[in-house]
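The shown structure was predicted, so the numbers you read here are calculated from the model rather than taken from an experiment.
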Amino acid sequence: MRTTVPRRRARRTLAGAGAAVVLLAGAATGCSSGGSGEQGGERGAQSAPRWNTKPTSIAAVGDSITRGFDACSVLADCPEVSWATGNDPAVHSLAARLLGDAEVPARSWNYAVTGSRMADLPAQLAGAAAHKPDLVTVMVGSNDACRPTASSMTPVAEFRSGFEKAIADLRAASPASQMYVSSVPDLQRLWEQGKDLPMVRQIWKLGICQSMLADPLSAASGATARREQVRARVVEYNEVLREVCGKDPLCRYDGGAVFQYPFAADQLSRWDWFHPGKDGQARLAELAHRQVTAAESPR
């Protein structure tokens, strides 16, 4: 039997309507099934957070390094030379490089506290989050390893849970803030820079990082094992920073840049030969700027 012209038109009309429904359904779901089409992939990429290489406000959290401790005078903070937010031209801090010297006082804040450990990070981030900064710099962990004894170092699991809580708290208070996370410096390398200087050994006896620096010239198996234990713990802390930061699309770990940096004696404080001096702070600022402004996160 032949199909009449009206019936063929009706079938074409129904087929067209069905195709329209399919197209509309695909548009509504954004092609999330991963089937055909680049359009859904493009939309997914557009909706994912993207790293801003030109933040316009910066808050810093962490410990004595970010406070510029012992960089200007003995046993004193010197935030003006901080690698993160300082205004000393000799350092040319991360804030100065990103914002310009004139904007540093109004658009950057330093909440780091000398002596801080990972457990202190959430409170510092709470203060930083109040400004809703584009970028938060984090440098913490040295004091978790620098303890009176190696056995009193912060356990890795505790370090991890503290960092996870800190990030979760920041996300709740300031969801759009990016985080730049510095690796913990290689404390053993710092020991190597000063151990052969008699004056430095006397200063270290005052109580600086005894887990690493006690009996600095001892080659006994116990002293050597202790120093290796501290270095191994720092490596573990850095792995925690890398893993936890890597789960947050707006968090960028430095890829171990600070840990791997070969600090020389002339880049350390002339008062304790352990904390960064002005030149050391400038190198930290340079490393951070390179990482923050990179198109891709370091591997």
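- A distance-only check finds a donor-acceptor pair linking the side chain of S161 to the backbone of E158 [under 3.5 Å].
- Under a hydrophobic-cluster definition in which Ile, Leu, Val, Met, Phe, Trp and Tyr are linked whenever side-chain heavy atoms come within less than 4.5 Å, directly or via other members, L135 and V258 are assigned to the same cluster.
- Hydrophobic clustering (ILVMFWY, side-chain heavy atoms < 4.5 Å, transitive): M179 and V184 are in one cluster.
- Between the side chains of N87 and E80, no donor-acceptor pair is found at a separation under 3.5 Å.
- When all heavy atoms of I65 and P185 are compared, the pair lying nearest together is CD1-CG, 4.0 Å.
- In this structure, the side chain of D77 does not engage the main chain of G68 through any donor-acceptor pair within 3.5 Å.
- Separation of atoms CE (M139) and CG (D63) is listed at 7.5 Å; rounding is to 0.5 Å.
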Is there a side-chain contact (heavy atoms from CB on, under 4.5 Å) between D254 and Y180 once you walk through the steps? CA-CA 7 Å; D254 75 354; Y180 165 75; 3.4 Å; yes
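- The closest donor-acceptor contact from the side chain of Y237 to the backbone of T154 lies under 3.5 Å.
- Counting only distance, with no hydrogens or angles, the side chain of E164 and the backbone of V244 share no donor-acceptor pair below 3.5 Å.
- By the criterion of side-chain heavy atoms lying less than 4.5 angstrom apart, applied directly or through intervening Ile, Leu, Val, Met, Phe, Trp or Tyr residues, L287 is grouped together with L187 in one hydrophobic cluster.
- To the nearest 0.5 Å, the span separating NE2 on H131 from CG on D134 amounts to 13.0 Å.
- Panel note: side chain R226, backbone S211; a donor-acceptor pair is recorded below 3.5 Å.
- A single hydrophobic cluster is not seen to contain both V91 and L99; linkage of ILVMFWY side chains at heavy-atom distances under 4.5 Å, directly or through other members, places them apart.
- Residue-environment remark: CZ (R117) stays at or below the threshold of 12 foreign heavy atoms within 6.0 Å.
- Residues L217 and K195 share a closest heavy-atom pair of CD2-O, 3.4 Å.
- Hydrophobic clustering places L75 together with W271 (ILVMFWY residues linked when any side-chain heavy atoms are closer than 4.5 Å, directly or through intermediates).
- The closest side-chain heavy-atom distance from F274 to L268 is not below 4.5 Å.
- V113 has its side chain out of reach of D120: every pair of non-hydrogen atoms, C-beta onward, lies at least 4.5 Å apart.
- Side-chain N or O atoms of T85 include none that pairs as donor or acceptor with a backbone N or O of W109 at under 3.5 Å.
- For the pair H289 and H92, the minimum side-chain heavy-atom distance is 4.5 Å or more.
- Of all heavy-atom pairs spanning V240 and F163, the tightest one is O-CD2, 4.4 Å.
- Remark: the backbone N or O of W191 is not paired with any side-chain donor or acceptor of W273 at under 3.5 angstrom.
- Rounding to the nearest 0.5 Å places OG1 of T293 at 10.5 Å from CH2 of W51.
- At least one side-chain heavy atom of L121 sits under 4.5 Å from a side-chain heavy atom of V140.
- With contacts defined as side-chain heavy-atom distances shorter than 4.5 Å, the pair V234/D186 does not qualify.
- A salt bridge links E286 with R290; the closest basic N to acidic carboxylate O contact falls under 4.0 Å.
- Between A257 and Q291, the shortest heavy-atom contact is CB-NE2, 3.6 Å.
- For the pair S269 (side chain) and D70 (backbone), a donor-acceptor distance under 3.5 Å is present.
- At most 12 heavy atoms of other shown residues, nucleotides or ligands fall within 6.0 angstrom of atom NZ in K165.
- A distance-only check finds a donor-acceptor pair linking the side chain of R189 to the backbone of Y261 [under 3.5 Å].
- Taken from CZ in R252 to CD in E296, the straight-line distance is 7.5 Å, to the nearest 0.5 Å.
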Assess whether side-chain contact (heavy atoms from CB on, under 4.5 Å) is satisfied between Q193 and Q267, documenting all intermediate values. CA-CA 10 Å; Q193 293 302 317; Q267 294 172 330; over 6 Å; no
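- Applying the 6.0 Å contact sphere to NZ of K205 captures no more than 12 heavy atoms from other residues, nucleotides or ligands.
- I167 approaches C251 most closely through the heavy-atom pair CD1-SG, 4.5 Å.
- Atom CD1 in I203 sits 11.5 Å away from atom CG in L213 (nearest 0.5 Å).
- Between the side chain of Q210 and the backbone N or O of I208 there is at least one donor-acceptor pair closer than 3.5 Å.
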Criterion side-chain contact (heavy atoms from CB on, under 4.5 Å) on M118 and L241, from CA distance to verdict: CA-CA 11 Å; M118 179 58 78; L241 296 176; 4.1 Å; yes
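- Looking at H275 and S64, their side chains do bring a donor and an acceptor atom within 3.5 Å of each other.
- Atom OG1 of T137 sits about 7.0 Å away from atom CG of L94, to the nearest 0.5 Å.
- The side-chain heavy atoms of Q124 and S116, taken from C-beta on, include a pair separated by under 4.5 Å.
- Remark: R242 engages E239 in a salt bridge, criterion side-chain N to carboxylate O under 4.0 Å.
- Between R233 and E236 there is a salt bridge, since a side-chain N of the basic residue sits under 4.0 Å from a carboxylate O of the acidic one.
- Contact record, T56 with R107: O-NE, 3.2 Å, taken as the closest heavy-atom pair.
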Pair Q188, E228 - check side-chain contact (heavy atoms from CB on, under 4.5 Å), show working. CA-CA 8 Å; Q188 191 172 46; E228 290 294 341; 3.3 Å; yes
